[in-house]
Structures are given as structure tokens and as C-alpha cells.
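Here the structure comes first, spelled out in C-alpha cells, and everything after it is commentary.
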Amino acid sequence: MYSIMNQFTRNYIDGFMAEVVAKNPGEPEFHQAVREVVESIAPYITENPQLIDQKILERIVEPERIVIFRVPWTDDRGDVHINRGFRVQCNSAIGPYKGGIRFHPSVNLSIMKFLAFEQTFKNALTTLPMGGAKGGSDFNPRGKSDAEVMRFCQSFMTELQRHIGSNTDVPAGDIGVGGREIGYLFGQYKRLRDEFTGTLTGKGLAWGGSLLRPEATGYGLCYFAEQMLATRGESFQGKKVNISGAGNVAQYAAQKAMRLGAKVQTLSDSDGFIYDPEGLNEEKMAFVFELKNIRRGRIKEYVQKYPQAQYFPGERPWKIACDIALPCATQNEIEEADAENIVKGGAICVAEGANMPTTPEAIRIIQGAGLLYSPGKASNAGGVATSGLEMSQNSMRQRWTAEEVDNYLHRIMQDIHSACVKYGKEADGTVNYVKGANLAGFIKVAGAMTDQGLV
Ligand code: NDP
Ligand code: 2IT
């Protein structure tokens, strides 16, 4: 890539990135996400000087609005805690801001900005009219009671409600925010605004949620990976699959991969991973759902129940040989050594369920070895796409069947795959999904921004 890029383009990238870094100091995840996109689209930009004149890229990396706020709450003993809340409204060129909310102690401005930036391109790829945003807090839900989580969510929403709305900004879940949290957030939104609208997605089925939204990110990931594999005449059938994470995305990726005939060997959390050489099955998945979603336990408990499995504390699943790797936990969870292990183990495909789980050096190793590799903004877009379908159902005051939603999801993942092929096909016939996803997303957002003038 570097060698075939002309010097003008190279200089453009270096100059642009130097300004981004200077203007946004101490935000390494944001720099990383921006650099990846700029590397992909720079040749296109330098061939379209009106985009340079209009400073489209400078505008895209500057969020339209960032809200940072205090979130005070009391624990069950009556002690006072203060957390920091964020909403980064990155881009509304193609629709209302849309993106998840993350509750995790690591949350900071850099992580919020990288996620909102990625979301802008992802949402453009879904074919649905949604702008890009992300929000969250450094609140740690782990070990908190339901009552504590509720009080935190109510305090968080007391400020956030001024900045969102069904035609303005529609939040959803992400790490640490699932059905329980969306319920508490929605309840407080409704109470303060006195309106029942589709302002949040991922809602319960009885109060405006869409069938298949919980499953959508993991299922969509597998539908996308199926398309990737098909370009090489391959499928999930009989393949060994390693999955990281044990949360929403990981659980449904595991269920779908298994149902497509794969042997799912691993799951993980931030304490370690489990390796089940016999693979997951429906009964074991039911145990995982109960363990993680009802009891809110840790993945190491899997080996107490299924002693043929092994637990590796403090390690990641990538040292176990597999055919397909599906990182579904968090950013930068596949580093250089992990990528080398994945390649050495004979893998043919890495498809991202998490956002930016692979470091740039690791991506180079994986792509350099000729593996199929897809960035999260393409392969995990099924979650936000189904959120878009939930918004449509809310606006129509209707509810679609699971089959209807699944058909839409299938079609959307196929369309995203086609866009990646269209914009990412290399001269040798292989598909660079990073280039394809970034270029397809950028062209759509940049076009909309150009049409709407200098705003
Ligand atoms: P969950 O909170 O349901 O699960 C997150 C999982 O990842 C947990 O097993 C968690 O382990 C693990 N994890 C989180 N942080 C770390 C860390 N720093 N190191 C190691 N493991 C970690 O979140 P989701 O499944 O919803 O999200 C997973 C990823 O998918 C994120 O990158 C998210 O942005 C992305 N995503 C989510 C979508 C959705 O619809 N939910 C849509 C598209 C992308 P532990 O319990 O130890 O923290
Ligand atoms: O990263 C993501 O795409 C999500 N967390 C889902 C966002 C959404 O609005 O459904």
C-alpha cells in the first residue's frame, strides 16, 4: 500500500494526521481510528480536489457536538459517587445521530470519539438514514446491585435527555449497557419528557423493542463472514472458530456460528478465556446465557460445569489454533503477537464483532498473510442496522416478525459486503475490506455533506 501510493498522497496523509494529533492531544484511540480511514481514502480525496477545498475531511474529524457531564449517584449504603458522562455527536449528514452507550471504567474522551467516528462510517454502510454518535460513562456496572445501576442510569439520563430525541439522537447499548440498562434509561427519559417515542433502541419487546435486536450484531457478523468465506468457496461448516468476549455480541456470534456448522472453541472475559476442545452446543450455550445474562457471573465458571474445557487466566483466545477468529470483546485485543498466532494456527478469516479490536500492526500481519479480514464497521454493522429497523417499526407503530427482521438483516449484511467488494477490490482480485468499507462509507457521508453546504 505504502509503496504504490504517490508522494503527494503520502504527504497529504502525514500533514493531515499531524494536525489531527496536535489538535486532539492524548487521544490515541481516536488518532488510530482516524488514521485508518485517512489511509484508505487519501487517494480518492487527492483525486477529488473539491473535497480538499471544502475541507470535508477536516469537518468529518471534528464532531458536530460533544457533551460532557457530571453523573452523581448514591450506592446502596448511601455513599455518594461521581462519574463522568459523555455524548459525542459526530456527524448528522445522513440522518439523526445514532450509536450506543458504553459503561466501562476505561471510558474517556478518546474512546468516545473513536467510537463515534467509526459509527459514522458504519451507519452509512447500513444503507439506512442514520448519523454517527457514541456515549457512555466511566461507571463500572460490575458488582453493582440492580438498584445501584438504576439510580446511576436515572442520573445519567437526567442530563442526557436534553440532548437526544427520536429525530435528533437515538442511543442504544454497547459494552456494559444491555436490556436492563436500556430499560432504566428509557423509563427515566419517558418520565422527564412525558413522551413515548423510539428515542432509545434495544428496548424490551413489550415496550417498542424489535425482535432480533439482541441477536443482531452477532448474527450479522456471521452473515458477513459467510459472505467473505464464500468469495473463496468456503463456509462455516466444520470450521474451528475462536471467539473473544462473552457478552452480547460474543454470545450470539457463537450461537449462529455453531448453527452454521462450526465448532466454537473459545469465549473470554477480561480475566481470561475458556477453551472447549469439543466445541459449544445448544445446551452449553443455554448455560452461558444463564451464567452471563441472569447470574452475571464470570466465564471461568464454564469449566466447573464442563470439566473437559480448560480455563486460561489472564490470557486471550488467540493462542489456540483456529480457522476463523471472531474478536467480540473490545478495542485493541488482537496485538502483533496475537496476529502471529492466528496466522501460525492456519486461520483463513478474521471478522471483527467488536469495534477496532485489531491494532494496525496486527492488521498488517493478518492482511499480509493473505487472510480474509473485515473491520468492525462493516462486519458488526448488523446491530445498529437492526436498531434502524427498530426505529422504523417505532415510527410506523408496527412490529415485524422475527423472519421479516432476519430477512432485512441478511440483505443489509449482503449489501455491505457488496459495497466492500465494489470499493475494495484490488488488481489481483482479492478484496481489501478495510479500504472498501472506509471508501464506501466516506463517499456517502462526504456527498451528503457537500449537498448540504458548509455546516
Ligand atoms: P458486553 O458488555 O455485552 O460484553 C463485553 C465483553 O467483552 C465481556 O465479556 C467483557 O468482559 C469483555 N471485555 C470488555 N472490555 C474488555 C477488556 N478491556 N478486555 C477484555 N475483555 C473485555 O458488550 P457487547 O458484547 O455489546 O460489546 C462487545 C464489543 O462489540 C464492543 O467492542 C462493542 O463496541 C461492539 N459492538 C457492540 C454492538 C452491540 O449491539 N452491542 C454492536 C456493534 C459493536 P468483562 O465482563 O470482563 O468486562
Ligand atoms: O457499536 C455499535 O454499533 C453499537 N454499539 C450499536 C449501536 C446502535 O445504535 O444500535
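Every number for a ligand or one of its atoms is a count from 1 in the order of the listing.
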Less than 3.5 Å apart, N/O on ligand 2 and N/O on the protein: could you list those pairs with the distances?
unit_1, atom_1, unit_2, atom_2, d
ligand 2, 1 (O), Q119, OE1, 3.3
ligand 2, 1 (O), K122, NZ, 3.0
ligand 2, 1 (O), K134, NZ, 2.9
ligand 2, 1 (O), N355, ND2, 3.1
ligand 2, 3 (O), Q119, OE1, 3.4
ligand 2, 3 (O), Q119, NE2, 3.0
ligand 2, 3 (O), K122, NZ, 2.7
ligand 2, 5 (N), K134, NZ, 3.3
ligand 2, 5 (N), G173, O, 3.0
ligand 2, 5 (N), D174, OD1, 2.9
ligand 2, 9 (O), K98, NZ, 2.6
ligand 2, 10 (O), R213, NH2, 3.0
ligand 2, 10 (O), S387, OG, 2.5

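- Checked for salt-bridge contact, E390 and K203 meet the test: a charged N lies under 4.0 Å from a carboxylate O.
- The pair E290-K305 does not meet the salt-bridge criterion, since no charged nitrogen lies less than 4.0 angstrom from a carboxylate oxygen.
- Between R364 and E336, no side-chain nitrogen of the basic residue sits less than 4.0 Å from a carboxylate oxygen of the acidic one, so the salt-bridge criterion is not met.
- Contact shell of ligand 1 (protein heavy atoms, cutoff 4.0 Å): R102, H104, K122, R142, D174, I175, G176, R213, T217, G245, A246, G247, N248, V249, S268, D269, S270, R298, C328, A329, T330, G353, A354, N355, N380.
- The distance between the ring centers of F103 and F156 falls below 6.0 angstrom.
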Would you mind writing out the side-chain donor-acceptor pairs for residues 214-223 within the sub-3.5 Å range, not counting sequence neighbours?
unit_1, atom_1, unit_2, atom_2, d
Y219, OH, Q255, OE1, 2.6
Y223, OH, K256, NZ, 3.3
Y223, OH, D406, OD1, 2.8
Y223, OH, D406, OD2, 3.3

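- For the residue pair S40/N438, the side-chain donor-acceptor check at 3.5 Å is satisfied.
- Taking a cutoff of 4.0 Å between a charged side-chain nitrogen and a carboxylate oxygen, R151 and D76 qualify as a salt bridge.
- In this view, Y306 and F287, Y302 satisfy the ring pair (Phe, Tyr, Trp, His ring centres under 6.0 Å) rule, not counting sequence neighbours.
- A salt bridge does not link D271 with K300: every distance from a Lys NZ or Arg NE/NH1/NH2 to an Asp or Glu carboxylate oxygen is 4.0 Å or more.
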